[in-house]
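Below, read A as the first sequence line, B as the second, and so on, with proteins coming before strands; counting in each chain starts at 1. It should be emphasised that the depicted structure is a prediction, and the values quoted were computed from it without experimental measurement.
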Amino acid sequence: MSSNEAVAACFEEMARLLDLLGADSFRVSAHARAARAIADHPADIATLVADRAALTKIDGVGSKTADKIIECINTGTIAELKELRAQVPPGLLELLHIPGLGPKTVRMFWKDAGVIDKAGLKRIIDDGTILNLPRMGAKSVEKLKASLAFENEAGKRLNIGLAMPLAERLVERFKAMAGVIGVQFAGSLRRGKDTVGDLDILVAVADAPAAPTPGASKAKSTDDNVHPVLAAFVAMPDIKQVLAAGERKASARVALNFTSTRWKGDDDGDGSDKTPTIQVDVRLIAADAWGAALMYFTGSKDHNVVLRGLARDKGLTLNEYGLFPDPEAERDQAPPQSRGVKAIASRSEEEIFKALGVAWVPPEIREAHGETSLPQTPSLITLADVKAELHAHTTASDGRLSLRELVLEAKSRGFHTITVTDHSKSSAVANGLSVERLLAQIDEIHRLRGEIDGITILAGSEVDILADGVLDYDDDILARLDVVVASPHVALSQDPATSTKRLLKAIRHPMVHVIGHPTGRLVNRRAGMSPAMNELIAAAKEHRVALEINAHWMRLDLRDTHVRQATEADCMMAIDCDVHERDDFNNLRYGVLTARRGWLRKEQCVNTWPAADLQAWLKSKR
DNA sequence: GCCGTTTTCGGCCCGACTGTTTTCAGTCG
């Protein structure tokens, strides 16, 4: 765990504990906001402890938080956190992960019924005493029981590579329904985060219910007023649990259909064979409020807060229905859309950004990291810009495609260059190539060049960076390769100082072009190494080495925050699919989303360069 | 606890849905 994540975890825990203790809600959210700010900060927070002013410059970090960050880095913990822990039974925190249970209810269980952990909660459910507690009726208890049944996966975030195909399938189903004008997923999936907590799907319908008026009776949902589109959603065969279904919104847990053979049967070995599910929220939107809703539900939360603040500064109010005039004198009244106030902008995101005086912000960078004060929309890399693959395996090591199949597949996808980089000799489990096999493969590649035209075929290797930073082939062998991708595969739990030294050694090697999956992390599964990224980036820039964004959704390594650091330093980057089978080329989209989240521009990514420029760089290292 | 050209106090985004309620609190995003 990087120090940013470790410190952020402390602040997140403090927020939860304060919540359970009934602290002021703004103090709670200030802690939670500080946790997000620290986790998302591009630089290693540990490098800032000597510079308190730099810490307080981070949005959401004030003087008290800065002191606690310094204390946390220097001592490994925070005294206040220890004090808070002493006041709250530790078992209460896990109750907060149960869907539908929030701090107020958990605190009530604790104070009114003496519940201090999950076992205690199950006990009062089983003996029926839960029904004597305030606001606990039969329906609430039934919901709670159902949530407990899903709790294992409920708190877990889902990899983008699993969430995206499901979202796209659902979008297609909604598009086929009568009365549907448009469909788009929003939320962290649209922002391209490496994992998503749930899916948000917006459906534009001609007969969207009007915004409620203050005087109207708030009828609770019955089967009668559930919209047909939402009724069709909650009746879909893969729905496992309906959480809510009303006029405008429905929520349900939806089963995932696994299609990836590499993932199947790999369920963390906890012995559960329950079908994994993810919560899907579907909202019906009127066409004239489409842009406002899309912005609102795309977020992020912090980005929305900034936009709302900008609106307020202009005497406007921004909500999911639009951007409205909202003079001071009327701010105590009901929301503008329910008073018949006409929106200044609402139909499209573009017109709302324009009316706010903000240059259009691509969804991937809506994270409240300064994107709303840019003079113009940043020019970020796109999927279509990528014209070369520099990291691909064949059946010679652990790939599923033959050399010829790999080259033809790359050609069919419009790449001007494909690089063959099978594993090096130490990767025994991956059938790494001995020197003899590597030399034979180079000859084979040279022969293939004469047979297949229209694409440049380069001979390379994914050379192991051994634990001490030494490369897995000697220099005279490396000199015969067009491309060297050097990657760490073993000793991935090295401490930060050792891993920094190890990776720096590889970066400084004169024949290395790309550092493959630099930290070795696996999303949601393995933390990988935490090298001093600022040092790696500085060295990579100096030695004209590209740091890879491995596009496989199980890796996404480097991650978004690292890319942002590299982008700011103007370091060269590569986006590679690490191809092992045909479908792996499709993972490019996830690498590009991660790159965009890191504000990467086309020209900073070697895979976008014209063939001649790419060749010139590769040859400069020979 | 953070923040500030409405600044050192008094705000802090705002709406949908649910369940248990006789008008609202809690959760979620």
Notebook entry, point to check: What is the nucleic acid contact for Val61(A), judged by heavy atoms within less than 4.0 Å: base, sugar-phosphate only, or nothing?
Noted result: sugar-phosphate

Item checked: Salt bridge present between Glu5(A) and Arg521(A) (N-O < 4.0 angstrom) -> no

Note to self: Using OP1 and OP2 only, check whether a side-chain N or O of Lys68(A) sits under 4.0 Å from dG1(B).
What the structure shows: yes

Checklist line | Cationic N near anionic O, under 4.0 Å, Arg27(A) to Glu80(A) | finding: yes

Note to self: Using a 4.0 Å heavy-atom cut-off, does Ala66(A) contact any base of the nucleic acid, only the sugar-phosphate backbone, or nothing at all?
What the structure shows: nothing

Notebook entry, point to check: Which listed nucleotide (dG15(B), dG29(B), dG26(B)) is nearest to the side chain of Thr105(A)?
Noted result: dG26(B)

Notebook entry, point to check: Could you state the CZ-P distance from Phe297(A) to dC14(B), rounded to the nearest angstrom?
Noted result: 14 Å

Check: Atom CG in Leu48(A), atom NZ in Lys57(A): separation rounded to 0.5 Å?
Finding: 10.0 Å

Item checked: Pairwise side-chain contact, Asp59(A) with Arg33(A), heavy-atom cut-off 4.5 Å (strictly under) -> yes

Margin query: Need one value for Asn304(A): base, sugar-phosphate or nothing, where a base atom within 4.0 Å counts as base even if backbone is also close, heavy atoms only.
Written below: nothing

Next item on the list: Using the C1' atoms only, state how far dA16(B) lies from dG11(B), rounded to an integer number of Å.
Entry: 25 Å

Note to self: Check this for me, if you would: do Arg36(A) and Glu367(A) make a salt bridge, where the nitrogen-to-carboxylate-oxygen distance has to be below 4.0 angstrom?
What the structure shows: no

Checklist line | Residue met sooner reading DNA chain B from 5', once Thr56(A) and Val141(A) are mapped to nucleotides | finding: Thr56(A)

Checklist line | Touch class at under 4.0 angstrom, heavy-atom based, for Lys301(A) against every strand present | finding: base

Notebook entry, point to check: Does the base of dG29(B) carry an N or O that pairs as donor and acceptor with the side chain of Tyr296(A) under 3.5 Å?
Noted result: yes

Notebook entry, point to check: In whole Å, what separates the C1' atom of dA25(B) from that of dT20(B)?
Noted result: 10 Å

Item checked: 4.5 Å side-chain heavy-atom contact, Val183(A) and Glu172(A) -> no

Next item on the list: Measure the distance from CE on Met108(A) to C1' on dC24(B) and round it to the nearest whole Å.
Entry: 15 Å

Next item on the list: Give none if dT8(B) has no partner; otherwise give the nucleotide forming a Watson-Crick or G-U wobble pair with it, both distances under 3.5 Å.
Entry: none

Next item on the list: Starting from P on dC3(B), measure out to NZ on Lys64(A) and report it in whole angstrom.
Entry: 13 Å

Note to self: Say we look at dT23(B) and dC9(B): how far apart would their P atoms be, to the nearest angstrom?
What the structure shows: 40 Å

Next item on the list: Would you mind classifying the nucleic acid contact of Leu307(A) as base, sugar-phosphate or nothing, using non-hydrogen atoms under 4.0 angstrom?
Entry: nothing

Margin query: What I'd like to find out is whether the side chain of Asp44(A) reaches to under 4.5 Å of the side chain of Asn534(A), using heavy atoms alone.
Written below: no

Note to self: Of the listed nucleotides (dC13(B), dT20(B), dC12(B)), which one gets closest to any side-chain atom of Lys139(A)?
What the structure shows: dT20(B)

Checklist line | Arg283(A) CZ to dC14(B) P, straight-line distance once rounded to whole Å | finding: 17 Å

Item checked: Donor-acceptor pair present, Arg248(A) side chain and dA16(B) base, under 3.5 Å -> no

Check: Nearest-Å distance, CZ (Arg135(A)) to C1' (dT22(B))?
Finding: 13 Å

Next item on the list: May I ask you to evaluate whether Arg308(A) reaches the phosphate of dC13(B), defined as a side-chain N or O under 4.0 Å from OP1 or OP2?
Entry: no

Check: Picking from dG29(B), dG15(B), dC17(B), which would you name as closest to the side chain of Asp281(A)?
Finding: dG29(B)

Check: Which whole number of Å gives the distance between the P atom of dT21(B) and that of dT27(B)?
Finding: 16 Å

Checklist line | Selection from dG29(B), dG1(B), dG19(B) that lies nearest to any side-chain heavy atom of Glu80(A) | finding: dG1(B)

Item checked: Euclidean distance, atom CD of residue Glu320(A) to atom P of dC28(B) [Å, nearest integer] -> 18 Å

Item checked: Residue-phosphate contact under 4.0 Å: Ser63(A) side-chain N/O, dG1(B) OP1/OP2 -> no

Notebook entry, point to check: Between dT5(B) and dG1(B), how far is it from one P atom to the other, in whole Å?
Noted result: 23 Å

Margin query: Under 4.0 Å, counting only non-hydrogen atoms across every strand here, what does Asp24(A) touch: a base, just sugar-phosphate, or nothing?
Written below: base

Next item on the list: Indicate whether OP1 or OP2 belonging to dC12(B) is found under 4.0 Å from a side-chain N or O atom of Arg312(A).
Entry: yes

Next item on the list: Could you tell me whether Pro134(A) contacts a base, only the sugar-phosphate backbone, or nothing, with contacts defined as non-hydrogen atoms closer than 4.0 Å?
Entry: nothing

Note to self: Distance check needed: dG26(B) C1' versus Leu95(A) CG, whole Å only.
What the structure shows: 16 Å

Margin query: Both Leu101(A) and His31(A) contact DNA chain B. Taking the nearest nucleotide for each, which residue is further toward the 5' end?
Written below: His31(A)

Margin query: Whole angstroms only, please: what is the CG-P distance between Leu243(A) and dG19(B)?
Written below: 10 Å

Next item on the list: Can you tell me, in whole Å, how much space there is between the P of dG10(B) and that of dG15(B)?
Entry: 26 Å

Check: P atom, dT7(B) versus dC12(B): distance in rounded Å?
Finding: 15 Å

Margin query: Quiz question: by atom type and distance under 3.5 Å, do the side chains of Ser251(A) and Asp281(A) form a donor-acceptor pair?
Written below: yes

Item checked: OP1 or OP2 of dT20(B) under 4.0 Å from side-chain N/O of Ser140(A) -> yes

Next item on the list: For Thr65(A), report the nucleic acid contact type (base, sugar-phosphate, nothing); a contact means any heavy atom under 4.0 Å.
Entry: sugar-phosphate

Margin query: Can you check the distance between dT6(B) and dC2(B), where both ends of the measurement are the P atom (answer in whole Å)?
Written below: 23 Å

Notebook entry, point to check: Between dG1(B), dC17(B), dC24(B), which one does the side chain of Lys249(A) approach most closely?
Noted result: dC17(B)

Notebook entry, point to check: Between Thr317(A) and dC14(B), is there a side-chain N or O to OP1/OP2 distance below 4.0 Å?
Noted result: yes

